[in-house]
Structures are given as structure tokens and as C-alpha cells.
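In what follows, a structure is listed as C-alpha cells, so that the remarks can point back to it.
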Amino acid sequence: MRVSRHTKFLRTVAVLVGWSLVALSAPSMAAEYTGRPDNYLAILKRLAPGDTLWLAPGTYRYGLPIHRLSGTEEAPIAISGIPGRERPVFLARRGANTVSLVDSAHIVVRNLVLDGRNLIADAVKAEGHAAFAHHITLENLLIVNHGIDQSIVGISTKCPSWGWVIRGNVILGAGTGLYLGDSDGRAPFVAGLIEHNVVRDTIGYNLQIKHQIGRPRLAGMPIGDSETVIRHNVFSKANNASTGPRARPNLLVGHWPPEGPGVNDRYLIYGNFFYDNPSGEPLFQGEGNVALYNNAFVNPSGSAILIQPHRGLPREIYVFHNTVVARDAGLVVRGVAPGHAPVVAGNAVFAGEPIFGLDGEGNLDLPYAEAAQHLRAPFAAPPHLDVSPLDALRLSSDTLPERLRRLPEATMDYDGLPRKAGTVGAFAYRPEGRPLALEGGPDGSPRRTAGP
């Protein structure tokens with residue numbers, strides 16, 4: 001049968017229309033760009049979901065303004081140094097923060113060196129005039145020379161921020177390591193993951209997460225119960241810490257909203273190494289809803305754990321399976337909100353005043369001087385410090401409630417080794433011991449020995 005020219009034309013049009021519809025419905029192909037110090041800012045402005053900007057080694061002098069730039073959950077935008085090559089070095093400038101985030105989401109920034117040059121500039125900042133910055137990943141950043149003043153921060157959020165991942169970064173000698181949230185409680189940091197970072201020798205906090213007075217109504221901000229996880233980090237203030245009125249703990253976590261969305265949020269803080277604070281402040285201070293477990297706290301200069309009111313009250317407090325070696329107070333719990341009973345169990349505490357505000361039942365609480373009778377090298381300095389037990393530290397029974405056993409890694413020790421029932425402290429017994437170091441590994445994460 002012969003087909004008329006008119007029919008052939010209609011068929012051709014139909015095919016072309018079909019191809020057009022397929023092209024419109026298919027996702028756009030992600031692009032990869034290579035940026036250099038002379039062209040990266042122009043490329044940055046045109047990044048689309050799924051794109052990657054690879055930054056060549058070199059010195060970058062004009063910052064990284066991530067303003068009104070958004071990827072998606074399935075296709076984030078990545079800005080990265082090139083794996084296997086020297087990391088690009090971003091130099092701070094006067095009057096501007098180096099990595100500046102404004103109204104941006106689903107962004108990954110990794111493999112960079114941020115050199116503050118001892119100027120008045122933060123290394124990474126979600127700016128206070130922004131409406132939001134959510135699902136931001138910061139990974140394998142080296143942050144140095146941000147210590148000209150205690151107010152200068154390595155990583156700071158001053159607008160509502162949620163879904164952040166802060167992983168494998170090294171922050172050395174900053175004024176404040178990480179300061180997440182704002183001092184008035186109106187810029188909440190929600191549902192974050194902070195892991196495998198090394199924060200050392202800050203003037204003020206290694207890390208502070210500010211209290212929250214409420215949860216703003218923003219598209220995508222969590223309104224259900226959320227968790228902020230702080231795990232497998234090294235926090236040390238052995239050097240450079242301020243004293244007197246400006247002294248600060250290594251880590252302080254503030255309360256959640258007193259009512260409404262976020263009231264039942266909680267911190268899960270586990271598997272961290274806290275070392276030294278000669279400022280007179282403790283290694284850790286917290287309020288609100290906190291689960292603090294499987295951590296190593298060593299403070300030859302002062303106190304370790306302080307649970308007490310700061311801007312609000314402690315509420316749901318779980319402190320268990322920590323090893324504490326502290327010259328002064330070991331573990332203090334006071335001022336808990338009415339109707340809430342803290343659970344403090346399975347801790348091994350060696351301190352001038354081991355446990356205050358509790359009866360100590362279910363914990364091993366002994367004087368500071370006796371630590372060497374039970375731990376391998378509790379008075380040595382890192383990397384020779386070792387607070388693993390000479391033999392398994394046991395109590396007569398396991399006092400940990402079942403609801404706490406369901407928390408992540410709660411039945412494991414500091415290194416992820418299985419924990420035997422009835423043992424106390426952060427470390428399972430191992431014949432070879434477990435030294436603790438302050439340095440980061442090649443990826444910026446704390447050095448950890450493999451289990452047997």
C-alpha cells in the first residue's frame with residue numbers, strides 16, 4: 001500500500017513531538033566542571049542540581065559564596081578539591097566569610113583548606129541575614145589560622161539550619177571551633193550529624209550548639225521528633241584556652257524548644273574523646289534532652305561532665321557507659337526539670353569528686369589517684385594515654401534499661417566492640433590496650449585502632 005506524502009509528514013511530526021516529550025520529561029544530565037582560581041566564581045553561579053565543580057590545586061583569594069544555590073536530595077551540588085591531589089587553599093579576606101552560605105540547600109563542600117590568615121573572618125558561615133541553609137555537607141576541610149579572637153569561628157550557623165553533615169574535618173586553634181545556632185535562640189540547628197572531626201586548641205568552645213526558643217515555620221524544616229548526633233570526634237582544649245569570664249567547656253549543648261515542634265528532640269553524643277580543659281570549665285556541659293554514652297573523658301586540669309541548667313533545664317538525661325578520669329569533679333547532675341528522673345549507669349568514674357548529685361548506684365566511682373590501679377595509662381599524655389581497663393570492669397548486675405540498649409551503638413564499646421553484660425566504662429577489655437591520640441587520620445577523622 002502506498003503512503004501519501006501527507007501521511008509521511010504527519011508521522012515524522014509525531015516522532016519529533018515524541019522525542020521532544022521524552023527530552024522534556026527526562027532529567028537533565030549532571031555536568032562536571034574544573035575550576036581554577038581565575039574562573040571558578042563564574043562556574044559557581046551556573047551550577048545546577050547534580051553538578052560537580054572540581055577545584056584544581058592552587059590559591060583561591062575570593063572566597064566561596066554559595067548564595068541562592070540549591071541541589072536536590074537525589075542530586076546535590078558538589079564543590080570539591082580533586083581526590084589524590086593537593087587540596088585547594090582558600091585565603092580569608094577582610095570583611096567577608098570565606099565559605100558563605102545564603103538561602104542554599106543540598107550542597108556538598110569537601111577537600112579544601114581554609115586559611116584564616118588571622119583576619120576577622122569565619123571559615124564557614126551560614127549568614128545571619130539568610131532565611132535558611134539546609135542539607136549542607138562539610139567534609140574533609142582543614143581549617144587553620146582563625147584564632148585572632150575568641151569570636152572567630154571555624155564553622156558557624158546564624159540562620160535556621162537543618163540536615164547538616166559535618167564530617168572528617170580538622171579545626172586547629174580557632175577562636176571557637178563550631179558555633180551552631182545564634183545567641184538569642186532564634187536560629188535553630190536541627191537534625192545534624194557531626195562525626196569524625198578533630199577540634200583542638202580553641203580559645204573558646206570546641207563546639208557549642210545553642211539553645212532554641214522555638215521552631216520557625218519553614219518549608220522542609222523538621223517538625224517531628226529529631227536527633228542531632230555527635231559521634232566519634234576528638235575535642236581538646238589542652239592549649240590556648242581562655243580563662244576567667246571567657247572560659248568555656250569543650251562541648252556545650254543547649255536546650256530544645258520548651259514547647260511545640262522540637263520539644264522532644266534530643267542529642268545522641270557517643271564514641272567521642274574529650275581531653276583537657278585548663279580554663280576551669282568542664283569537658284562537657286549539657287541541658288535539655290541528652291543521651292551521653294560510650295565516651296572517654298580525660299581532664300588532668302579540672303572537671304569532666306556537668307549536667308545543669310544553662311538557658312533552660314535538663315529534662316531527659318541518660319549518661320551511661322562513659323570512662324571518666326578527672327582531677328576535680330567527675331560527673332555532676334543537678335537542676336533536672338520536675339517529673340524527669342535522670343538515668344546514670346554503667347560509668348567508670350575516677351575523679352577528685354567522682355559522682356555528685358546522685359547515689360552512684362550502678363556506677364564505678366573511685367578517687368582520681370586510683371585510676372592507675374584499674375586503667376592502663378590514665379595519667380600519660382596522648383598519644384600514650386590509655387584509659388582502657390587492665391581487666392574487665394564489672395558490677396554485680398547490668399543496670400542499663402532496655403530503652404537505652406536500643407540507642408545506636410549502645411551495646412557496643414567506644415570502638416564498636418561487643419560489650420559484655422555488667423561491664424562499666426567506655427572500653428571493652430582487650431589484651432593489647434587502647435591508646436588515645438589527638439591527631440587526625442589522613443581523612444581528618446580520629447585515629448582508631450581496629451578491633452581484634
Give a yes or no on whether the backbone of [Y] and the side-chain of [X] come within a donor-acceptor separation of less than 3.5 Å.
{"X": "Lys237", "Y": "Gly204", "value": "yes"}
{"X": "Ser104", "Y": "Arg68", "value": "yes"}
{"X": "Thr411", "Y": "Arg405", "value": "no"}
{"X": "Thr202", "Y": "Tyr205", "value": "yes"}
{"X": "Asn197", "Y": "Asn169", "value": "yes"}
{"X": "Asn295", "Y": "Asn272", "value": "yes"}
{"X": "Asp149", "Y": "Ser151", "value": "yes"}
{"X": "His384", "Y": "Pro382", "value": "no"}
{"X": "Asp103", "Y": "Ala131", "value": "yes"}
{"X": "Asn299", "Y": "Ser303", "value": "yes"}

Sequence-distant partners of [X], side chain to side chain donor-acceptor pair (under 3.5 Å), two or more places apart:
{"X": "Asp328", "result": "none"}
{"X": "Ser279", "result": "Asn277"}
{"X": "Arg315", "result": "Asn289"}
{"X": "Ser242", "result": "Gln150"}

Would Arg266 and Glu227 pass as an ion pair if we require N to O under 4.0 Å? yes

Would you compute the distance between atom [atom1] of [X] and atom [atom2] of [Y] and round it to the nearest 0.5 angstrom?
{"X": "Ile307", "Y": "Ile305", "atom1": "CD1", "atom2": "CD1", "result": "7.0 Å"}
{"X": "Ile203", "Y": "Ile148", "atom1": "CD1", "atom2": "CD1", "result": "9.5 Å"}
{"X": "Asn111", "Y": "Leu141", "atom1": "CG", "atom2": "CG", "result": "8.0 Å"}
{"X": "Gln285", "Y": "Leu252", "atom1": "CD", "atom2": "CG", "result": "4.5 Å"}

Step-by-step side-chain contact (heavy atoms from CB on, under 4.5 Å) determination, Leu101 to Ile136: CA-CA 9 Å; Leu101 291 148; Ile136 307 296; 4.1 Å; yes

Tell me, do [X] and [Y] make a side-chain contact under 4.5 Å, heavy atoms counted?
{"X": "Val344", "Y": "Phe320", "value": "no"}
{"X": "Leu390", "Y": "Leu375", "value": "no"}
{"X": "His211", "Y": "Trp256", "value": "no"}
{"X": "His340", "Y": "Ile317", "value": "no"}
{"X": "His310", "Y": "His255", "value": "no"}
{"X": "Leu268", "Y": "Pro408", "value": "yes"}
{"X": "Lys210", "Y": "Arg311", "value": "yes"}
{"X": "Tyr293", "Y": "Leu407", "value": "yes"}

Can you classify the ring geometry of Phe297 versus Phe274 as parallel (below 30°), tilted (30 to 60°) or perpendicular (above 60°)? parallel

Going by the angle between their ring planes, with limits at 30° and 60°, are His106 and His135 parallel, tilted or perpendicular? parallel

Nearest non-hydrogen partners of [X] and [Y], listed with the distance:
{"X": "Ala219", "Y": "Trp162", "answer": "O-CZ2, 3.5 Å"}
{"X": "Val109", "Y": "Ile66", "answer": "CG2-CD1, 3.7 Å"}
{"X": "Ala123", "Y": "Thr98", "answer": "O-CB, 3.4 Å"}
{"X": "Met221", "Y": "Pro160", "answer": "CE-CB, 3.8 Å"}
{"X": "His146", "Y": "Asn118", "answer": "N-OD1, 4.4 Å"}
{"X": "Val333", "Y": "Pro342", "answer": "CG1-CG, 4.1 Å"}

Can you name the one residue among Leu251, Ile171, Ile166, Val199 that meets side chain to side chain contact (heavy atoms under 4.5 Å, CB included) with Leu207? Leu251

Sole candidate of Val253, Asn322, Val319 that passes side chain to side chain contact (heavy atoms under 4.5 Å, CB included) when paired with Ile269: Val253

Please step through side-chain contact (heavy atoms from CB on, under 4.5 Å) for the pair Asn264 and Glu316, ending with a clear verdict. CA-CA 9 Å; Asn264 294 319; Glu316 295 293 332; over 6 Å; no

Could you tell me whether [X] atom [atom1] has more than 12 heavy atoms of other residues or ligands within 6.0 Å of it?
{"X": "Glu86", "atom1": "CD", "answer": "no"}
{"X": "Glu73", "atom1": "CD", "answer": "no"}
{"X": "Ile223", "atom1": "CD1", "answer": "no"}
{"X": "Arg93", "atom1": "CZ", "answer": "yes"}
{"X": "Arg327", "atom1": "CZ", "answer": "yes"}

side-chain contact (heavy atoms from CB on, under 4.5 Å) between Ile194 and Leu180, intermediate numbers included: CA-CA 11 Å; Ile194 302 167; Leu180 307 176; 3.7 Å; yes

Residues that Arg110 engages under side-chain contact (heavy atoms from CB on, under 4.5 Å), provided they are two or more places apart: Ser80, Val108, Glu139

Under the side-chain contact (heavy atoms from CB on, under 4.5 Å) test, which residues partner Ser156, sequence neighbours left out? Asp122, Lys125, Val153, Lys158

Check whether the side chains of [X] and [Y] place a donor and an acceptor atom closer than 3.5 Å, and report yes or no.
{"X": "Asn294", "Y": "Arg231", "answer": "no"}
{"X": "Ser100", "Y": "His67", "answer": "yes"}
{"X": "Asn140", "Y": "Arg87", "answer": "yes"}
{"X": "Asp276", "Y": "Ser236", "answer": "no"}

Measure centre to centre between the rings of Tyr368 and Phe379, then say whether the value is under 6.0 Å. yes

Is the ring centre of Tyr414 less than 6.0 Å from the ring centre of His232? no

Start with the C-alpha distance between Ile79 and Trp54, add both sets of side-chain angles, then the distance that settles side-chain contact (heavy atoms from CB on, under 4.5 Å), and finish with yes or no. CA-CA 6 Å; Ile79 303 163; Trp54 297 108; over 6 Å; no

Given Asn363, Asp365, Thr323, the one that forms side-chain hydrogen bond (donor to acceptor under 3.5 Å, both in side chains) with Asn347: Asn363

